[in-house]
Amino acid sequence: MSVPRAIRKAFLAVEQSEGAGARVRRSIGTSQLRNFSPFLMLDHFSVSPGAGFPDHPHRGQETITYLLEGATDHEDFAGNKGTLYPGDLQFMTAGRGIVHAEMPRKTEDGKPNVGLQLWVDLPENLKACEPRYRDLRAAEIPTVDVDAGRATIKVISGQSHGIDSVKDLAYTPVWILDIILRPGARVTQPLPKGWNAFSYVLEGSAWYGQGQDRTEIQQFHNVVFEQDGDVVHVETDADATKDTRLVIIAGTPLDQEVVQYGPFVLNSKEGVYQALYDYQTFSNGFERAKDWKSEIGKPMMG
């Protein structure tokens, strides 16, 4: 018999300003949930044209960007560049150091770019690895219909109902499932034992758990699960007037210290001081930052 995971806590991700003119709902990386290993941050972002995230560094983590609406350009000091479109993801391993820019592409309708950005910690032995990217296009992501077509699951990373994702997306093992629940849908999703897991409701509302533990969770709320148990059960009311969309995300916990200063995530204060020094002196991984400016960030950087 599978054991459902209990809810540890559920809370609203309050909208706040971030970057240059961006609006984000941050649910991991706040006082509500500081670190939930291996997860460091989850932002549900809305970035209008003319706003964005111009040139900035990272060290020691992986960032996973999932674009839901709009188009976002990316450029870094190693010459990598590209564009994400709706349904695309980018898995970026900062490793020993990267400086990059992420800027919304101007669209004809002027609507904002909307998506999720997840920061995942790197194991200590990989903190100094070379930076790398893996773009995952919408067309590469397998989907599976369950519960007689009442639910559709995009298997971005991991496994669901016998469908496996594309492999080798990130160094730290993470599962990401994007789930559409139509009225009356019921999904029971197995998760790896001992992994930390949460679910974020993008649209609509859903019931998590069964029986006495059944709890309704509204849009923009993050549901954090206990480690015990091996499945998450979620369903929607049969008389719901619209579909619900949510993500279920799980990752292997890392048994290590987390010392974070902005975009630098190390295992000690000394590591953070070293990262700041290396960035300021263009050394130990930041050599290419000297005299580099992104083309896409120039309008905002002056």
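For the single chain, residues carry numbers from 1 onward in sequence order.
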Visitor: List the steps, then state whether side-chain hydrogen bond (donor to acceptor under 3.5 Å, both in side chains) holds for Asp178 with Tyr66.
Guide: CA-CA 10 Å; Asp178 179 352; Tyr66 183 21; 2.6 Å; yes
Visitor: A side-chain contact here means heavy atoms from C-beta on lying under 4.5 Å apart; do Val47 and Glu102 qualify?
Guide: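 Side-chain contact under 4.5 Å: no.
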Visitor: Judged by atom type as modelled, is there a donor-acceptor pair below 3.5 Å linking the side chain of Glu62 to the main-chain atoms of Leu118?
Guide: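 No, because the side chain of Glu62 does not come within donor-acceptor range (under 3.5 Å) of the backbone of Leu118.
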Visitor: Would Arg59 and Asp278 satisfy salt bridge (Lys or Arg N to Asp or Glu O under 4.0 Å), going step by step from the backbone distance to the final call?
Guide: CA-CA 10 Å; Arg59 173 179 278 181; Asp278 292 342; 3.0 Å; yes
Visitor: If you measure only the distance, is there a donor-acceptor pair under 3.5 Å linking the side chains of Tyr277 and Asn284?
Guide: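 No.
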Visitor: Side chains of Thr72 and Asn113: do they bring a donor and an acceptor to under 3.5 Å?
Guide: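 Result is yes, a qualifying pair exists.
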Visitor: Should the pair Phe225 and Tyr208 be assigned to parallel (<30°), tilted (30 to 60°) or perpendicular (>60°) ring geometry?
Guide: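 If you compare the ring of Phe225 with that of Tyr208, the planes turn out tilted.
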Visitor: Pick one: which of Gln117, Arg26, Arg23 meets side chain to side chain donor-acceptor pair (under 3.5 Å) with Asp43?
Guide: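 The side chain to side chain donor-acceptor pair (under 3.5 Å) with Asp43 is passed solely by Arg26 among Gln117, Arg26, Arg23.
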Visitor: Quick one about Arg186 and Thr236 (side-chain donor to acceptor, distance below 3.5 Å, no hydrogens or angles considered), yes or no?
Guide: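 No, no side-chain donor-acceptor contact under 3.5 Å.
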Visitor: With no hydrogens and no angle check, is any side-chain donor or acceptor of Asn196 less than 3.5 Å from a backbone partner on Gly251?
Guide: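 Between the backbone of Gly251 and the side chain of Asn196 there is no qualifying donor-acceptor contact (under 3.5 Å).
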Visitor: Do Ile64 and Ile176 have side chains that approach each other closer than 4.5 Å (heavy atoms only, starting at C-beta)?
Guide: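 They are in contact (side-chain heavy atoms under 4.5 Å apart), so the answer is yes.
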Visitor: Is it true that Tyr261 and Tyr273 have ring centroids separated by less than 6.0 Å?
Guide: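 No - the distance between ring centres of Tyr261 and Tyr273 does not fall below the 6.0 Å cut-off.
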Visitor: Which hydrophobic side chains are connected to Trp119, either touching it within the sub-4.5 Å cutoff or through other members that do?
Guide: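 Members alongside Trp119: Leu40, Met41, Val258, Val265.
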Visitor: Does Tyr200 have any ring-ring contact (aromatic ring centres under 6.0 Å, His included) partners at least two apart in sequence or in another chain, and if so, which?
Guide: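 With neighbours one apart ignored, the set is His44.
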Visitor: Using the rule that two of Ile, Leu, Val, Met, Phe, Trp, Tyr join whenever any of their side-chain heavy atoms come within less than 4.5 Å, decide whether Leu12 and Phe198 are in one cluster.
Guide: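 Shared cluster, yes.
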Visitor: Can you list the steps and then say if Glu69 with Lys111 is a salt bridge (Lys or Arg N to Asp or Glu O under 4.0 Å)?
Guide: CA-CA 9 Å; Glu69 300 171 29; Lys111 286 185 177 177; over 6 Å; no
Visitor: Could you go through the salt bridge (Lys or Arg N to Asp or Glu O under 4.0 Å) check for Arg8 and Asp228 one step at a time?
Guide: CA-CA 11 Å; Arg8 182 195 298 181; Asp228 293 340; over 6 Å; no
Visitor: Under a 4.5 Å cut-off applied to non-hydrogen side-chain atoms, are Pro142 and Val155 in contact?
Guide: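 In short, these two side chains touch, coming nearer than 4.5 Å.
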Visitor: Is there a side-chain contact between Ile248 and Ile179 in this structure, where contact means two heavy atoms from C-beta onward sitting under 4.5 Å apart?
Guide: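 Yes, close enough: below the 4.5 Å cut-off.
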Visitor: Just wondering, more than 12 heavy atoms not from Glu257 lying within 6.0 Å of its CD?
Guide: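 Open.
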Visitor: Do the non-hydrogen side-chain atoms of Val224 and Asn222 ever get within less than 4.5 Å of each other?
Guide: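 Contact flag for Val224/Asn222 side chains = yes.
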Visitor: Does the ring center of Phe53 lie less than 6.0 Å from the ring center of His100?
Guide: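 Here the rings of His100 and Phe53 have centres that are no less than 6.0 Å from each other.
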Visitor: Quick check: do Thr63 and Gln61 have side-chain heavy atoms less than 4.5 Å from each other?
Guide: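 They are in contact (side-chain heavy atoms under 4.5 Å apart), so the answer is yes.
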Visitor: Can a cation-pi geometry be assigned to Arg25 and Phe220, taking NZ or CZ under 6.0 Å from the six-membered ring centre and within 45° of the ring axis?
Guide: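 Output yes; distance and angle both within limits.
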Visitor: Are the side chains of Val99 and Phe286 in contact, using a 4.5 Å heavy-atom criterion?
Guide: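 Of all side-chain heavy-atom pairs linking Val99 with Phe286, at least one is under 4.5 Å.
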Visitor: Answer yes if the side chains of Gln219 and His221 hold a donor-acceptor pair under 3.5 Å, and no otherwise.
Guide: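 No pair is found: no donor N or O on one side chain lies under 3.5 Å from an acceptor on the other.
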Visitor: Taking NZ in Lys9 as the centre, count heavy atoms belonging to other residues, nucleotides or ligands within less than 6.0 Å. Is the count above 12?
Guide: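 Yes, enclosed.
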Visitor: For the CG atom of Asp145 and the OG1 atom of Thr152, what is their distance to the nearest 0.5 Å?
Guide: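 One finds 4.0 Å between CG of Asp145 and OG1 of Thr152.
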Visitor: Side chains of Thr65 and Gln90 only: does a donor on one sit below 3.5 Å from an acceptor on the other?
Guide: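 Distance-only check fails for Thr65 and Gln90.
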Visitor: Using side-chain contact (heavy atoms from CB on, under 4.5 Å) as the criterion, point out the one residue from Leu246, Leu177, Ile249 that pairs with Ser199.
Guide: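 Option passing the side-chain contact (heavy atoms from CB on, under 4.5 Å) with Ser199: Leu246.
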Visitor: So does Gln210 get a backbone contact from the side chain of Asp213, meaning a donor-acceptor N/O pair under 3.5 Å?
Guide: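 Pair absent, no side-chain N/O of Asp213 close to backbone of Gln210.
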Visitor: Roughly how far apart are Ser2 OG and Leu191 CG, rounded to 0.5 Å?
Guide: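 Ser2 atom OG to Leu191 atom CG measures 11.0 Å (nearest 0.5 Å).
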Visitor: For Asp73, run the salt bridge (charged side-chain N to carboxylate O under 4.0 Å, His left out) check against Arg105, Lys81, Lys106 and tell me which one passes.
Guide: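 The residue from Arg105, Lys81, Lys106 that satisfies salt bridge (charged side-chain N to carboxylate O under 4.0 Å, His left out) with Asp73 turns out to be Arg105.
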Visitor: Please report the interatomic distance CG(Leu136) to CG(Leu84), rounded to the nearest 0.5 Å.
Guide: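 Here the interatomic distance stands at 10.0 Å.
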Visitor: Is it the case that over 12 heavy atoms from other parts of the model lie below 6.0 angstrom from the CG atom of Asp168?
Guide: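 For Asp168, atom CG is not crowded (no more than 12 foreign heavy atoms under 6.0 Å).
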Visitor: If you round to the nearest 0.5 Å, how far is CG of Leu116 from OG of Ser27?
Guide: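 The CG atom of Leu116 is 8.5 Å from OG of Ser27, to the nearest 0.5 Å.
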Visitor: Indicate the ring-plane relationship of His56 and His58, choosing parallel, tilted or perpendicular according to the 30° and 60° boundaries.
Guide: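 Aromatic pair His56/His58 classed perpendicular.
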Visitor: Less than 4.5 Å apart, side chain to side chain, heavy atoms only: is that true for Thr172 and Thr252?
Guide: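 In contact.
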